[in-house]
Amino acid sequence: MLILGSMPGIASLNAGQYYAHPRNGFWPLLESIWKIPATANYAARLRATKQAGIAIWDVLARCDRRSSLDSDIDPASIVVNDFAQFFRGHAGIEAIAFNGGTAAQLFRRHVLPGLATPWKELPMLQLPSTSPAHARLSLEDKRRAWAALVADYS
């Protein structure tokens with residue numbers, strides 16, 4: 001399973017860790033679904049995600065934005081990650097989950113048209129963003145949506 005975000009926020013970039021903002025629900029969700037301890041050190045969490053068959057990455061390699069909000073991404077500055085190379089090195093990926101609508105939209109617009117088969121035919125699931133900015137849903141509502149990953153792709 002490849003879980004894709006759009007682009008790390010400022011807290012994550014500063015920490016050199018995915019989902020480092022203390023109010024981001026990503027690690028608590030992974031703990032409740034895959035039993036990956038959210039309070040473990042970052043290296044241990046990464047080892048546990050790998051053991052669970054989860055890869056974490058972002059659609060964008062670089063972009064300009066004024067804040068951590070996806071809505072602040074300057075479309076003219078977007079540089080996507082090299083997914084062709086990623087998939088060549090990770091042939092076991094069986095599905096893609098998007099952490100939020102922006103990640104899904106960016107992938108479909110900027111990556112999917114250039115992907116080769118079979119990668120462009122992988123099952124893709126858009127999930128609610130774990131960002132604290134996406135406060136419309138409670139963490140429990142997000143957990144129920146994310147639990148579909150275990151039911152559908154484990």
Side-chain angles (χ1 to χ4, degrees), residues 1-75 77-83 86-87 90 92-112 119 122-154:
M1 167 67 55
L2 171 60
I3 299 175
L4 291 173
S6 54
M7 177 74 188
I10 294 167
S12 296
L13 291 171
N14 288 340
Q17 300 179 6
Y18 283 108
Y19 305 104
H21 191 286
R23 290 192 341 258
N24 193 297
F26 183 81
W27 293 110
L29 287 175
L30 264 62
E31 180 173 41
S32 71
I33 297 167
W34 282 283
K35 309 302 181 225
I36 296 168
T39 57
N41 70 47
Y42 187 65
R45 284 181 278 156
L46 290 181
R47 282 190 304 275
T49 57
K50 186 175 182 179
Q51 288 174 335
I54 300 167
I56 304 167
W57 208 24
D58 285 294
V59 176
L60 301 183
R62 288 187 305 282
C63 69
D64 293 331
R65 62 181 173 187
R66 296 182 309 275
S67 73
S68 292
L69 297 175
D70 286 345
S71 59
D72 281 344
I73 293 172
D74 174 4
S77 71
I78 287 173
V79 176
V80 298
N81 275 311
D82 187 344
F83 282 88
F86 176 85
F87 286 126
H90 300 86
I93 298 291
E94 297 175 357
I96 301 172
F98 299 103
N99 187 350
T102 301
Q105 180 184 44
L106 289 167
F107 185 87
R108 289 187 174 108
R109 180 177 297 149
H110 298 284
V111 178
L112 193 59
W119 310 117
L122 287 174
M124 297 179 196
L125 179 64
Q126 181 179 320
L127 298 164
S129 173
T130 60
S131 168
H134 183 67
R136 184 175 49 88
L137 295 177
S138 70
L139 188 59
E140 179 55 27
D141 290 335
K142 292 177 185 183
R143 190 201 63 74
R144 279 193 292 274
W146 277 71
L149 291 177
V150 174
D152 294 344
Y153 302 107
S154 290

Here the pair of heavy atoms bringing Ala55 nearest to Ile93 is CB-CD1, 4.2 Å
Given Arg45 and Leu30, is the side chain to side chain contact (heavy atoms under 4.5 Å, CB included) satisfied, shown in steps?
CA-CA 10 Å; Arg45 284 181 278 156; Leu30 264 62; over 6 Å; no
Distance check, rounded to the nearest 0.5 Å: Ile36 atom CD1 versus Lys50 atom NZ?
13.5 Å
Are Leu2 and His90 close enough that some pair of their side-chain heavy atoms sits under 4.5 Å apart?
no
Spacing of CG belonging to Leu46 relative to CD belonging to Gln51, to within rounding of 0.5 Å:
11.5 Å
Could you list the residues that satisfy side chain to side chain donor-acceptor pair (under 3.5 Å) with Arg62, not counting sequence neighbours?
none
Please round to the nearest 0.5 Å and tell me the distance separating atom CD1 of Ile3 and atom CD1 of Ile54.
5.0 Å
Determine the minimum heavy-atom distance between Ser77 and Asp74, stating which atoms define it.
OG-O, 2.7 Å
Quick check: closest heavy atoms across Ala38 and Pro28, and the distance to 0.1 Å?
CB-N, 4.0 Å
Verify side chain to side chain contact (heavy atoms under 4.5 Å, CB included) between Leu106 and Val80, making sure each step is shown before the conclusion.
CA-CA 9 Å; Leu106 289 167; Val80 298; over 6 Å; no
Got a sec, which residues hit side-chain contact (heavy atoms from CB on, under 4.5 Å) with Leu137, two or more places apart in sequence or on another chain?
Pro128, His134, Asp141, Lys142
When rounded to the nearest 0.5 angstrom, what is the spacing between CG in Leu29 and OG1 in Thr130?
6.5 Å
Please give me the minimum heavy-atom distance between Ser6 and Thr102, naming the atom from each residue.
CB-CG2, 4.1 Å
What are the two closest heavy atoms between Ala97 and Leu127, and how far apart are they?
CB-CD1, 3.8 Å
Can you give me the closest heavy-atom contact between Ser32 and Lys35, atom names plus distance?
O-NZ, 3.2 Å
For the CH2 atom of Trp57 and the CD1 atom of Ile96, what is their distance to the nearest 0.5 Å?
10.5 Å
Can you list, pair by pair, the side-chain donor-acceptor contacts under 3.5 Å of residues 16-23, counting residues two or more places apart and other chains?
unit_1	atom_1	unit_2	atom_2	d
Tyr19	OH	Asn99	ND2	3.2
His21	ND1	Arg23	N	3.0

Would you please classify the geometry between the Trp27 ring and the Tyr42 ring as parallel, tilted or perpendicular, with 30° and 60° separating the classes?
perpendicular
Can you check whether Phe83 and Trp119 have ring centres sitting under 6.0 Å from each other?
no
CG/Leu122 to CZ/Phe87 distance, rounded to the nearest 0.5 angstrom?
5.5 Å
